[in-house]
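Accompanying notes for the structure given below.
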Amino acid sequence: MAISRPAQRTAILLINLGTPDAPTAAAVKPYLKQFLSDPRVVEIPKIIWWCILNLIILPIRSGASAKKYASVWMPGPEGGAPLLVHSKNIARALEQKFIAQGKDVLVDIAMRYGNPSMESVLKKLEAQGMERLLILPLYPQYSATTTASTFDEVFRIVSGWRNQPELRLIKHYHDHPGYINALKEQVETYWQTHGRPDFAAGDKLLFSFHGVPKRTLDKGDPYHCECHKTGRLLREALGLTAEQAMVTFQSRFGKAEWLKPYTAPTVEELGHQKTRRLDIFCPGFPADCLETLEEIAMEVRDEFLTAGGGDYHYIACLNNSPAWISGLAEIADDHLGGWPQVRESDQSLALSMQRAASLAIKK
């Protein structure tokens, strides 16, 4: 007699950077402290950085950052920090995608810093019967400051578990066709509504990625190269030249040299050149957040207009667009490799479909 084994449930954990619990200085301060205390994020001797962080940055920056968060905070019972709201929507849509395919896959979202914490969500998945775990960071381009830090935390958490899950990690998907196609559709959908730039007349499209210190590139971090590859593939998919679609890096912090060219100075210079129209898109951010909605859609826009530029168009991130959910499902499928099981309620349907297909072939 065959021995039946309990189902080994598969879970996909999407992980994003994080956000404070509220747009207040009191909530921003512990979030920033956790984020900026990560040695993967700030590679400065601990004693020196502790003094800078606790005596200068946190007392000054917490209040200023809170005001910025307040300017983009989403209202209502389902509102909150845009990054968290959009990330939750992505997770729900992805799980529904797998349900529609008849696959028993749990999908959830956690934040590397702040809430919901990775530890709390992993414990929830464990309680739901998760035996197989796919970690899918919402960072298309690999960086030690983001992806590696996420993996570090996963290993730290499960190292204390008695019954550990099977574990797979997705390092990057910066050049995955599903991701590039979703980016292309996002840009073209915007243009269908707001008109396509006249590139022959000098209009520009700018791809702004989050910046990191240049020393990370010097130490071998592939992030810079992966951003440029994403930019090139997207530019080619849109049929544009390198002069028409440019790659820049935003969110520079401190006095050290970061990856260049910088977004804000580039936009300001385009304004001085009286650029008629500038469209800006952030391919490295799958979900809209403070850096896209406040920095790019507001601050950088003001710099462009003040410098004498013409029309400024911010193109929203992928969020839970159908093309992105399909692309994300493809990315996950590439790494699931036989893990998901067809739900028992759908097995008879699947067998019926297979039989119908077989009969059709015979006819």
Side-chain angles (χ1 to χ4, degrees), residues 71-72 82 140-141 174-211 223-252 258-319 321-324 327:
S71 70
V72 299
Q141 296 77 25
H174 62 289
D175 56 356
H176 192 282
Y179 167 60
I180 299 299
N181 179 67
L183 295 174
K184 172 179 176 288
E185 286 205 18
Q186 187 73 359
V187 174
E188 291 184 336
T189 298
Y190 181 87
W191 286 348
Q192 288 172 8
T193 303
H194 301 277
R196 181 183 174 89
D198 186 352
F199 293 105
D203 294 350
K204 301 289 185 182
L205 173 62
L206 193 148
F207 302 139
S208 182
F209 293 86
H210 199 291
Y223 178 75
H224 176 264
C225 299
E226 293 188 2
C227 288
H228 274 283
K229 186 171 184 181
T230 297
R232 176 178 61 80
L233 292 174
L234 178 54
R235 170 173 56 80
E236 292 173 351
L238 292 168
L240 302 176
T241 67
E243 184 179 357
Q244 294 166 337
M246 309 162 58
V247 168
T248 61
F249 296 90
Q250 66 182 82
S251 307
R252 177 171 171 253
W258 282 40
L259 298 180
K260 294 180 178 178
Y262 301 142
T263 297
T266 300
V267 169
E268 184 178 7
E269 178 58 29
L270 289 172
H272 287 311
Q273 295 173 6
K274 307 301 179 185
T275 302
R276 191 185 69 94
R277 171 172 168 168
L278 173 62
D279 286 24
I280 188 164
F281 184 46
C282 301
F285 296 85
D288 268 309
C289 56
L290 182 72
E291 287 79 5
T292 64
L293 297 173
E294 194 278 334
E295 181 181 357
I296 299 300
M298 296 181 188
E299 288 186 10
V300 173
R301 172 186 177 275
D302 290 344
E303 293 178 13
F304 178 70
L305 298 178
T306 300
D311 293 334
Y312 184 92
H313 293 257
Y314 169 68
I315 302 174
C317 294
L318 295 171
N319 297 321
S321 65
W324 172 226

Find out whether [X] and [Y] are in side-chain contact, i.e. whether some heavy atom of one side chain is under 4.5 Å from a heavy atom of the other.
{"X": "F199", "Y": "L238", "value": "no"}
{"X": "M246", "Y": "R235", "value": "no"}
{"X": "F281", "Y": "L183", "value": "yes"}
{"X": "L259", "Y": "Y223", "value": "yes"}
{"X": "Q244", "Y": "L205", "value": "no"}
{"X": "T248", "Y": "V267", "value": "no"}

>> Strictly by salt bridge (charged side-chain N to carboxylate O under 4.0 Å, His left out), give each pair with a member in residues 260-277 just once, sequence neighbours left out.
In response: D203-R276, E257-K260, R277-D279
>> Check the orientation of H210 and W258. Use parallel for under 30°, tilted for 30 to 60°, and perpendicular for over 60°.
In response: tilted
> Hey, mind stepping through S321 and E185 against side-chain contact (heavy atoms from CB on, under 4.5 Å) and telling me if it holds?
Replying inline: CA-CA 9 Å; S321 65; E185 286 205 18; over 6 Å; no
List the atom pairs, with distances to 0.1 Å, where a side-chain N or O of residues 296-308 and a protein N or O form a donor-acceptor pair under 3.5 Å, not counting sequence neighbours.
{"residue": "E299", "atom": "OE2", "partner": "K68", "partner atom": "NZ", "Å": "3.3"}
{"residue": "T306", "atom": "OG1", "partner": "D302", "partner atom": "O", "Å": "2.7"}

> For the side chain to side chain contact (heavy atoms under 4.5 Å, CB included) test, which of V247, T292, T263, T266 pairs with S208?
Replying inline: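 Testing each of V247, T292, T263, T266 against S208, the sole residue satisfying side chain to side chain contact (heavy atoms under 4.5 Å, CB included) is T263.
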>> Can a side-chain donor-acceptor contact be found between T230 and Q141 if the only test is distance below 3.5 angstrom?
In response: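 Checked: Q141/T230 side chains pair up, N/O donor to acceptor below 3.5 Å.
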> Do you know which two heavy atoms are closest between E291 and Q250, and how far apart they sit?
Replying inline: O-NE2, 3.0 Å
